[in-house]
Every structure is written in C-alpha cells, then in structure tokens.
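To start, the structure itself, in structure tokens.
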Amino acid sequence: MSLCHHPHLPLENILLPSYNTARCVMQAMSADSGLLYICGCVEEQECNDKLIFYNQSNGYSLLHSREAVPVAAISLLPPLLLALTVTGLFYLYRTHRLRKRPESWLERAAHNVPLQSRRPGHDFCRLSSSLMSASQCNISTARANSINHNTELLPIELDHRVGKGRFAEVWRAKLKHTESGHYEMVAVKIFPAQEYSSWKNESGVFTDANLKHDNVLQFITMEERGSCLHKEYWIITAYHARGNLKDYLSRHLLSWTSLLDMAGSIVSGVAHLHSDYTPCGAPKVAIAHRDIKSSNILVKSDSECALCDFGIALRLDPALTADDFANSGQVGTARYMAPEVLESRVNLEDMESFKQMDVYSLALVLWEMVSRCEAIGEVRNYELPFGSMVRERPCVETMRDVVLHGRGRPDIPDSWRRHPGLDILCDTIIECWDHDPEARLTAHCVAERFIIMRQTDCEDGSRNTNSLFNSGQY
Ligand code: ADE
C-alpha cells in the first residue's frame with residue numbers, strides 16, 4: 001500500500017513524527033477531526049503492508065486486515081457449518097411430521113395452538129390429579145382455549161341446522177383443511193346481530209384461560225361474519241353426532257356402567273367449571289353455568305358427555321361485588337330453576353350461591369338419567385323432570401307453585417334403591433336438590449361420590465363405601 005505524501009509537509013495538519021523506519025508503527029495523534037492513527041516508512045515499496053499497533057496497556061498488536069480476513073473465515077466456519085446442519089435437520093423433522101399427521105383444526109384448538117399459526121408440536125404441562133384423568137391435565141401453560149387472532153375467517157361450509165336455542169341456531173358444518181382438501185365436522189353456533197351480548201358472553205367464557213376440559217364442549221374459535229347490513233356472530237366448536245342428552249335419553253336406555261360413566265363425566269365438567277383451579281393446579285376463574293339441563297349437555301360417546309351453551313354463564317371473578325351481580329337473579333330455564341331462584345332470594349353477596357343453583361339443576365339431570373337406567377328395574381318412557389306435573393314449557397309461576405310452595409321434587413321409587421350403587425346415587429341426588437342451598441353438596445363432593453359408586457361395583461368396594469359413610473367422611 002502506498003500513499004504519495006511528502007513527509008515534511010503536514011497531513012491533516014499533523015507532521016509525521018517518524019518515517020525513517022522499515023516498519024509502519026502506528027501512532028495516535030490529535031488531529032482537527034479527533035484522534036488519528038498515522039505512520040510512515042521508507043525502506044521497501046510496500047513497507048506499510050503491515051500496520052503495527054502497539055497497545056499501551058498490554059502491548060498486543062493487530063495485523064493488517066488482509067491477514068485478519070482468512071483468520072476470521074477459518075474460525076467462523078465450524079459454527080456456521082453446525083448452524084446449517086441443525087437448521088437442515090430441523091426442517092427435515094418438521095416436514096416429516098407434517099406429512100405423517102394431517103393437521104386437524106380441533107386437535108390444534110385442543111392443543112391450544114393459535115389457529116393462524118400452522119406449527120405442530122407444543123409443550124404442555126401434564127400433571128395428574130386425584131379427581132381428574134391425566135388427559136384432563138393436558139393444558140397449555142399459556143391459554144386453555146384457542147382464539148383465532150387472525151382476521152381471516154375459517155374455510156367453513158354450513159351443512160344443516162341441528163339445533164335452535166333462545167339466542168342462536170346451531171349448524172353442523174364442514175371445516176376444510178386447506179392443504180389436503182380433507183375436512184372435519186364442526187358445530188357452528190350462529191347468533192343474529194341482536195344477540196351480540198350473548199355471543200360475547202359465551203365467547204368470553206370459552207376463551208377464558210384454563211376452561212378446557214374433556215367434559216366441556218371443545219371451543220375452536222369465534223368469528224364476526226357478514227356485512228354491516230347483515231352481521232352474524234359465530235362460535236365454532238367440536239361437533240358431536242349423538243346430539244344432546246335429552247334427545248339421547250328419549251331414544252336410549254343406559255346400563256349401570258354407562259350411567260356411572262356419563263353422569264360422572266357431567267359431574268366432572270360441572271366440578272371443573274366451579275373450581276378455582278385446573279386439574280394441573282393452575283388458578284382459574286370459577287364459572288357458574290346457570291342453565292344446566294339435559295338439552296345443554298352433549299353426548300360424546302356412550303360413556304362421556306360435555307357441557308355446552310354458556311350463553312348466560314357467569315364468571316365468578318373474586319374482584320366482582322354484589323352490585324355487579326345485581327341483574328343476575330332469575331335466569332335459566334324455569335323447569336330447572338332452584339327454589340331460591342324461583343323465589344328471587346339468591347344471596348348475591350356469596351358467589352357460592354351461583355354454584356348451589358347449578359347443583360340443584362344437576363340433580364334433576366342425574367334423576368333424568370337414573371330414570372332411564374336398566375338397573376332401576378322397569379324403565380318407563382322418557383320424561384323431563386316434573387314432566388307429569390307441569391306442561392311442556394312451564395313458566396316461573398308454575399314452577400314456583402310446584403317446587404317452592406309444594407316442595408315438589410321428581411319421584412324416586414324405593415325399587416330404584418335395590419341396586420347398591422343406585423342407592424348411593426339416589427341419596428346424592430336428594431342432597432343436591434335440597435331446599436336449603438347451603439345444605440346441598442358441592443359438585444366436587446358429587447364427583448367424589450361417583451368414585452365411591454364405582455367402588456360399589458365390587459364387593460370390597462361396597463364395604464369401603466359403608467365404612468366411609470359410617471365414619472361421617474361424606
Ligand atoms: N347441538 C348443539 N351443539 C352441538 C354440537 N357441538 N354438536 C352437535 N350437536 C349440537
């Protein structure tokens with residue numbers, strides 16, 4: 001390298017301090033523009049090929065960039081190769097997994113993968129709990145239910161209507177898998193524009209952290225559809241071809257085992273809603289359903305059900321006060337209303353009151369199921385609770401006469417109690433529809449009773465049950 005400059009003349013207002021050497025030793029000089037490193041040499045033509053910096057503190061020298069480049073290249077090569085190999089292996093692993101398992105919207109929602117992202121494989125906590133199965137503890141650390149954060153709508157084709165409620169219609173629909181051309185059946189609950197608040201409430205409950213449970217209808221996403229002139233609000237969930245429990249009971253009898261499993265699953269679902277904790281032990285907001293009835297329960301299989309329709313469900317947020325619950329008095333379906341609801345004497349100061357109302361309604365559902373169980377002996381045609389006492393859609397006044405003033409409850413004949421497990425179940429039902437809300441069992445306690453009832457299926461279990469009851473533990 002050469003710079004043609006007369007050494008007697010200043011460069012940047014600096015005179016070269018020394019240039020009669022064979023080596024170019026850099027020296028720090030103050031120039032107009034700040035600190036400047038400068039050197040000069042005269043021996044060879046390219047004597048400044050090597051610039052020598054003497055560090056004053058430790059005396060090390062830096063080589064000229066022409067030598068530094070190959071050194072840097074050699075030292076960076078191994079980590080670069082390693083990074084490329086790891087990326088390549090990761091890419092191969094991902095494409096292999098995608099090919100092996102066609103992605104399902106439901107699976108993704110169940111595994112809590114945000115719906116706009118197409119990445120399989122997330123980490124889940126998997127802990128066990130005494131009352132819940134391990135699968136119920138399969139909850140993402142982030143959120144339990146999935147929301148479509150994307151504004152893009154899911155590729156859905158409506159099939160036919162499967163239900164109509166107070167606020168919305170439910171349709172069976174095909175949800176397409178964009179890549180493969182396959183589809184899966186889903187349920188779409190369609191709210192008209194005027195039922196926006198019900199959609200908002202139900203979506204709010206579904207998207208609340210840690211609601212996900214095997215016995216709570218699996219939520220996929222919520223959407224706003226249509227134009228300003230015709231707006232619709234959708235909630236997309238799992239589809240269960242067996243339909244609701246009311247219709248199922250009208251067509252099917254239950255074996256004792258099916259009754260135990262199905263009723264036990266409903267109780268688990270309610271206990272989960274009411275709980276302040278997930279099966280994993282993470283804190284969650286307790287929820288009161290407030291419209292528990294057999295038509296709001298879906299049959300997943302002949303051993304499992306799921307709660308649905310959270311249109312009037314209430315989040316029992318501890319930060320809320322009695323004032324926030326002021327308009328929460330008389331809601332639900334009159335036939336299933338607890339006496340204190342019919343009387344409008346709900347203790348709004350205590351959030352347990354809302355759970356106690358649910359337990360009363362749950363007792364009526366359990367009674368419906370027992371009334372269709374082969375183990376009771378002669379099984380009659382299916383009837384809703386109070387079916388023989390009131391007409392098809394009883395109003396609040398009618399139910400007040402029957403339940404509040406007449407202290408009426410569905411009949412439990414002695415013949416139902418010949419079966420040891422059913423005997424316990426009948427006692428449990430009676431304790432759940434007690435006139436005094438405070439005297440009712442909690443859903444959690446009912447779930448424990450189901451564990452005991454399972455034990456009565458074997459002789460030893462039956463003896464354990466008696467000893468548990470005699471010890472006053474339950
Ligand atoms: N009726 C209401 N919701 C439903 C669902 N998710 N699947 C089947 N039938 C239903």
Side-chain angles (χ1 to χ4, degrees), residues 104-112 115 144-148 154-176 183-192 195 198-208 211-223 225 232-252 262 265-266 268-270 272-273 287 289-313 332-333 335-336 361-362 365 368-369 382 384:
S104 144
W105 293 98
L106 259 175
E107 256 176 60
R108 255 192 287 160
H111 289 170
N112 195 24
L115 291 182
N145 269 320
S146 175
I147 332 169
N148 191 357
L154 291 183
I156 283 186
E157 189 185 299
L158 295 177
D159 244 2
H160 64 266
R161 200 174 80 178
V162 292
K164 182 161 168 48
R166 241 175 308 172
F167 309 115
E169 292 183 344
V170 180
W171 287 67
R172 189 180 87 159
K174 291 189 184 98
L175 174 54
K176 291 177 191 136
Y183 64 84
E184 65 195 291
M185 283 302 177
V186 292
V188 181
K189 191 167 179 181
I190 303 177
F191 297 75
E195 300 300 347
S198 183
W199 171 79
K200 194 86 188 129
N201 189 63
E202 184 153 9
S203 309
V205 169
F206 267 131
T207 54
D208 203 351
L211 179 71
K212 190 186 135 13
H213 189 273
D214 287 351
N215 307 117
V216 171
L217 178 62
Q218 175 63 57
F219 174 72
I220 298 175
T221 197
M222 57 197 274
E223 289 183 352
R225 294 233 174 188
E232 280 180 348
Y233 298 95
W234 288 18
I235 289 179
I236 301 157
T237 64
Y239 174 75
H240 298 296
R242 288 173 174 82
N244 71 49
L245 181 65
K246 177 180 173 240
D247 295 341
Y248 186 86
L249 289 177
S250 68
R251 289 190 303 262
H252 298 83
M262 291 172 96
S265 72
I266 296 166
S268 282
V270 177
H272 173 67
L273 281 189
I287 287 163
H289 187 288
R290 302 204 299 167
D291 201 13
I292 291 179
K293 54 181 175 179
S294 48
S295 56
N296 280 344
I297 295 169
L298 294 168
V299 178
K300 287 174 81 174
S301 69
D302 61 7
S303 60
E304 196 171 31
C305 295
L307 303 169
C308 69
D309 201 339
F310 296 89
I312 55 168
T333 305
R335 184 187 296 274
Y336 289 84
S361 315
L362 175 65
V365 172
E368 281 175 75
M369 298 179 84
Y382 170 72
L384 283 166

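Both backbone and side-chain heavy atoms feed into the values below; hydrogens, waters and symmetry mates do not. Start at 1 and go down the list; that is how both ligands and their atoms are numbered.
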Open item on the list: Under the rule for salt bridge (Lys or Arg N to Asp or Glu O under 4.0 Å), what residues qualify as partners of K246, not counting sequence neighbours?
Closed with: none
Task: Partner set under ring-ring contact (aromatic ring centres under 6.0 Å, His included) for Y248, not counting sequence neighbours - done: H252
Task: Geometric cation-pi criterion K174 and Y183, 6.0 Å radius, 45° cone - done: yes
- [ ] Verify whether one side chain among S265 and E304 offers a donor that lies under 3.5 Å from an acceptor in the other.
- [x] no
Extract all N/O-N/O pairs under 3.5 Å that connect ligand 1 to the protein, and present each with both atom names and the distance rounded to 0.1 Å.
{"residue": "ligand 1", "atom": "6 (N)", "partner": "A238", "partner atom": "O", "Å": "2.9"}
{"residue": "ligand 1", "atom": "7 (N)", "partner": "H240", "partner atom": "N", "Å": "2.9"}

- [ ] Please list, chain by chain and in numerical order, all residues satisfying side chain to side chain donor-acceptor pair (under 3.5 Å) with K293, sequence neighbours excluded.
- [x] T333
Open item on the list: Can you tell me how the ring of H213 sits relative to the ring of H272, calling it parallel under 30°, perpendicular over 60° and tilted otherwise?
Closed with: parallel
